[in-house]
Amino acid sequence: MKVAILKINFSTYGGSEKYCRLLTNYLLQKGDMPVIFSSSKVFEFPPPLIHEVPTIKFNKLLRLYSFNNYIYSYFNDNREFDAIISMDKTKYHTHIRAGGGCHKAWLLRREKLCSWWEKKLLSINPYHKFVLKLEKLGFEGPWVKKIITNSNMVKNEILEHYKVDEKKIVVIHNGVEWKALEREFLESGNKYALRKKLKLDPDAFYFLFVGNGFERKGLKFAIEALSLFGKDVKLIVIGYDKNIKKYKKLAQNLKVSDRILFAGYQQNVVKFYQVADAFLLPTLYDPFSNASLEALAMGLFVITTKDNGCSEVIKDFSGIAIENPNEVDSLAYAMKVAISKEKDPLKIRMSVAHLDMDEQVKKLVEACLSEI
């Protein structure tokens with residue numbers, strides 16, 4: 001069986017890129033013939049497995065537009081593929097893994113926190129307008145056989161905003177490298193020695209925040225909630241944002257700069273899971289946060305929002321999902337619970353054992369290829 005996999009950009013450590021690699025390797029093991037269509041070079045696969053798509057890389061809109069034009073033209077002229085699986089916003093595919101969620105739903109959430117002029121800018125932004133056009137075709141197109149979402153939240157958003165037969169949608173939660181994290185989980189029992197290596201306060205209660213794009217991930221609310229606690233409660237921030245100075249300024253104004261470690265982008269995030277006491281992600285919108293799932297697999301109590309698809313796998317003993325991230329008092333209350341609650345790291349870790357990455361990728365393949 002010949003399978004095309006569409007992935008516009010490839011970064012070294014992206015979650016959807018990891019899925020793409022695992023999907024490709026699993027198809028190869030099954031004896032199928034996968035081909036990745038991407039505008040990026042993917043060096044770990046030999047040329048027969050890669051079809052480099054020429055795109056205009058001046059900005060993300062032109063890259064997205066040129067990639068989609070090429071794909072649409074290519075597959076109209078070439079019918080040798082049994083399935084076309086998209087991992088991105090594309091208008092032509094037979095199957096799509098909507099790992100990025102529903103763009104229309106995200107914009108509606110974002111508008112709630114915008115001023116009138118910011119709403120206006122969003123409404124006329126050509127990138128958002130084009131993505132919404134792609135999304136409509138990518139979900140409603142008669143050529144689409146299956147839509148795979150990583151949460152029931154995203155499934156319900158698609159059904160609310162687009163004319164899609166519910167039978168076409170399959171929910172497969174994100175996977176985590178559960179088995180591979182076992183050694184690091186066991187090592188985290190020696191938390192104080194690990195903190196010493198990172199020059200962290202051995203006695204403080206550390207919340208960990210992981211995510212790029214601090215506005216959507218809710219870092220502002222995390223900093224505001226932190227300001228309601230004493231000096232023995234601290235925050236580690238992992239990730240990148242072009243406006244990071246704004247968040248450092250907020251921390252300074254709230255007099256919590258000395259209690260926040262802005263560690264920037266990290267290739268190895270696991271060592272921070274090992275030294276943290278709880279995980280904090282008051283996100284405005286996350287189809288299914290990989291970082292939240294990794295935190296659970298490392299035995300951390302997770303505080304997030306119901307706008308995070310990962311909240312669907314959080315149990316009473318493993319975390320709290322608040323209603324609205326901008327309700328700082330609710331967030332602070334959840335943080336108080338995390339500090340005072342007796343926690344069982346092994347029980348928390350075991351609660352996501354069924355989401356081992358290999359098994360979730362197999363489910364994705366079965367959902368895509370079972371009816372071909």
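Using a cut-off of 4.0 Å between Lys/Arg side-chain N and Asp/Glu carboxylate O, Lys220 and Glu224 are scored as salt-bridged. Ion pairing between a basic and an acidic side chain is recognised when a charged N comes within 4.0 Å of a carboxylate O; Arg183 and Glu187 show such pairing.
Atom CG of Asp32 sits about 8.5 Å away from atom CG of Asp82, to the nearest 0.5 Å. With values rounded to the nearest 0.5 angstrom, Ile147 atom CD1 is found 6.5 Å from Lys168 atom NZ. To the nearest 0.5 Å, atoms CZ (Arg97) and CG (Asn150) are separated by 5.5 Å. One finds the CG atom of Asp203 at 9.5 Å from the NZ atom of Lys234 (value rounded to the nearest 0.5 Å). For the atom pair CZ of Phe288 and OG1 of Thr149, the computed distance is 11.0 Å after rounding to the nearest 0.5 Å. Between the CZ atom of Phe214 and the OH atom of Tyr240 there is a distance of 9.5 Å, given to the nearest 0.5 Å.
With Ser370 contributing its side chain and Glu366 its backbone, the two residues share a donor-acceptor pair below 3.5 Å. A side-chain donor-acceptor contact under 3.5 Å links Asp165 to the backbone of Lys167. Within the 3.5 Å criterion, the main-chain N or O of Cys368 finds a donor-acceptor partner in the side chain of His95. Gln360 contributes a side-chain N or O that, together with a main-chain N or O of His173, makes up a donor-acceptor pair within less than 3.5 Å. With hydrogens and angles ignored, the 3.5 Å screen pairs a side-chain donor or acceptor of Ser38 with a backbone N or O of Ile8. Put simply, the side chain of Ser40 never gets that close to the backbone of Asn9: no donor and acceptor are under 3.5 Å apart. Side-chain atoms of Thr94 come within 3.5 Å of backbone atoms of Ile84 as a donor-acceptor pair (strictly under, hydrogens ignored). Side chain of Ser66 to backbone of Ile56: a donor-acceptor contact under 3.5 angstrom is found. Judged by distance alone, the side chain of Arg259 and the main-chain N or O of Gly230 form a donor-acceptor pair under 3.5 Å. Under the 3.5 Å distance criterion, the side-chain polar atoms of Glu359 are left unmatched by any main-chain donor or acceptor of Asp356.
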(request) Using the side chain to side chain contact (heavy atoms under 4.5 Å, CB included) rule, take Tyr26 and Asp358 through it: C-alpha gap first, then chi angles, then the decisive distance, then the call. (result) CA-CA 9 Å; Tyr26 183 66; Asp358 291 340; over 6 Å; no
(message) Would His51 and Tyr74 count as a ring-ring contact (aromatic ring centres under 6.0 Å, His included) here? Give the steps.
(response) CA-CA 11 Å; His51 183 110; Tyr74 182 92; 5.0 Å; yes
(request) List the steps and the verdict of side chain to side chain contact (heavy atoms under 4.5 Å, CB included) for Tyr206 and Asp201. (result) CA-CA 9 Å; Tyr206 276 99; Asp201 185 341; 3.4 Å; yes
(request) Take Leu49 and Leu28, measure what side chain to side chain contact (heavy atoms under 4.5 Å, CB included) needs, and give me the verdict at the end. (result) CA-CA 10 Å; Leu49 297 177; Leu28 286 170; 3.8 Å; yes
(request) Please report the C-alpha distance between Leu369 and Leu27 in whole Å, then the side-chain angles of each, then the deciding distance to 0.1 Å, and finally whether the side chain to side chain contact (heavy atoms under 4.5 Å, CB included) criterion is met. (result) CA-CA 10 Å; Leu369 306 185; Leu27 288 168; 3.7 Å; yes
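Annotation: cation-pi geometry not satisfied between Lys341 and Phe301 (NZ/CZ under 6.0 angstrom from ring centroid, within 45° of ring axis). Relative to the six-membered ring of Tyr285, Arg109 misses at least one condition, a distance below 6.0 Å or an angle of at most 45° to the axis.
Taking hydrophobic clusters as Ile, Leu, Val, Met, Phe, Trp and Tyr residues chained together by side-chain heavy-atom distances below 4.5 Å, Leu281 shares a cluster with Val233. Note: the hydrophobic cluster containing Val361 does not contain Val313 (ILVMFWY, side chain heavy atoms under 4.5 Å, direct or indirect links). Transitive grouping of hydrophobic side chains (ILVMFWY, heavy atoms separated by less than 4.5 Å) keeps Val352 and Val171 in distinct clusters.
If you look at Phe209 and Tyr247, their ring centroids are not closer than 6.0 Å.
Inter-residue side-chain proximity for Cys114 and Leu122 is flagged as met; some heavy-atom pair is nearer than 4.5 Å. By the 4.5 Å heavy-atom criterion applied to side chains, Met87 and Glu17 are not counted as neighbours. With contacts defined as side-chain heavy-atom distances shorter than 4.5 Å, the pair Phe67/Asp88 does not qualify. Side-chain contact between Ser39 and Tyr70: absent, with no pair of heavy atoms (C-beta onward) separated by less than 4.5 Å. When side chains are defined from C-beta on, Ile339 counts as touching Phe207, because their heavy atoms get closer than 4.5 Å. With contacts defined as side-chain heavy-atom distances shorter than 4.5 Å, the pair Phe45/Arg21 qualifies. Looking at heavy atoms from C-beta onward, Ser292 lies out of side-chain contact with Thr283 at the 4.5 angstrom threshold. Considering only heavy atoms from C-beta on, Phe229 comes within 4.5 Å of Lys336 through its side chain.
Other residues, nucleotides and ligands contribute at most 12 non-hydrogen atoms within 6.0 Å of the NZ atom of Lys315. Remark: Lys179 NZ is loosely packed, at most 12 non-hydrogen atoms of other residues, nucleotides or ligands lying under 6.0 Å away. Heavy atoms from other residues, nucleotides or ligands lying under 6.0 Å from OH of Tyr333 number 12 at most. Around the CD atom of Glu80, the shell of radius 6.0 Å holds more than 12 heavy atoms that belong to other residues, nucleotides or ligands. Heavy atoms of other residues, nucleotides or ligands lying less than 6.0 angstrom from OH of Tyr72 number 12 at most.
Asn253 meets the side-chain contact (heavy atoms from CB on, under 4.5 Å) test with Lys249; sequence neighbours excluded.
Nearest heavy atoms, Ile238 versus Ala263: CD1-CB, 3.5 Å. Residues Thr24 and Ile5 share a closest heavy-atom pair of OG1-CD1, 3.4 Å. Between Phe221 and Leu284 the shortest heavy-atom distance is CE1-CD2, 3.8 Å. Smallest separation of non-hydrogen atoms from Leu331 and Pro325: CD2-O, 4.4 Å. Nearest heavy-atom pair, Asp277 versus Arg195, reported as atom, atom and distance to 0.1 Å: OD2-NH2, 2.6 Å. For the pair Gly309 and Met153, the tightest heavy-atom approach, listed with the atom from each and the gap, is N-CE, 3.8 Å.
Side-chain N/O atoms of Gln274 and Lys271 include no donor and acceptor closer than 3.5 Å. No donor-acceptor contact under 3.5 angstrom links the side chains of Glu184 and Tyr273, judged on distance only.
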Side-chain donor/acceptor pairs under 3.5 Å, residues 123-137, sequence neighbours excluded:
unit_1: Ser123; atom_1: OG; unit_2: Lys120; atom_2: O; d: 2.7
unit_1: Asn125; atom_1: OD1; unit_2: Tyr127; atom_2: N; d: 2.8
unit_1: Asn125; atom_1: OD1; unit_2: His128; atom_2: N; d: 3.3
unit_1: His128; atom_1: ND1; unit_2: His103; atom_2: NE2; d: 2.9
unit_1: Glu135; atom_1: OE1; unit_2: His103; atom_2: N; d: 3.3
unit_1: Glu135; atom_1: OE1; unit_2: Lys104; atom_2: N; d: 3.2
unit_1: Glu135; atom_1: OE1; unit_2: Tyr162; atom_2: OH; d: 2.6
unit_1: Glu135; atom_1: OE2; unit_2: Lys89; atom_2: NZ; d: 2.7
unit_1: Glu135; atom_1: OE2; unit_2: His103; atom_2: N; d: 2.6
unit_1: Lys136; atom_1: NZ; unit_2: Glu140; atom_2: OE1; d: 2.8
unit_1: Lys136; atom_1: NZ; unit_2: Glu140; atom_2: OE2; d: 3.4

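Relative orientation of the Phe37 and Phe75 rings is tilted, given thresholds of 30° and 60° on the angle between their planes.
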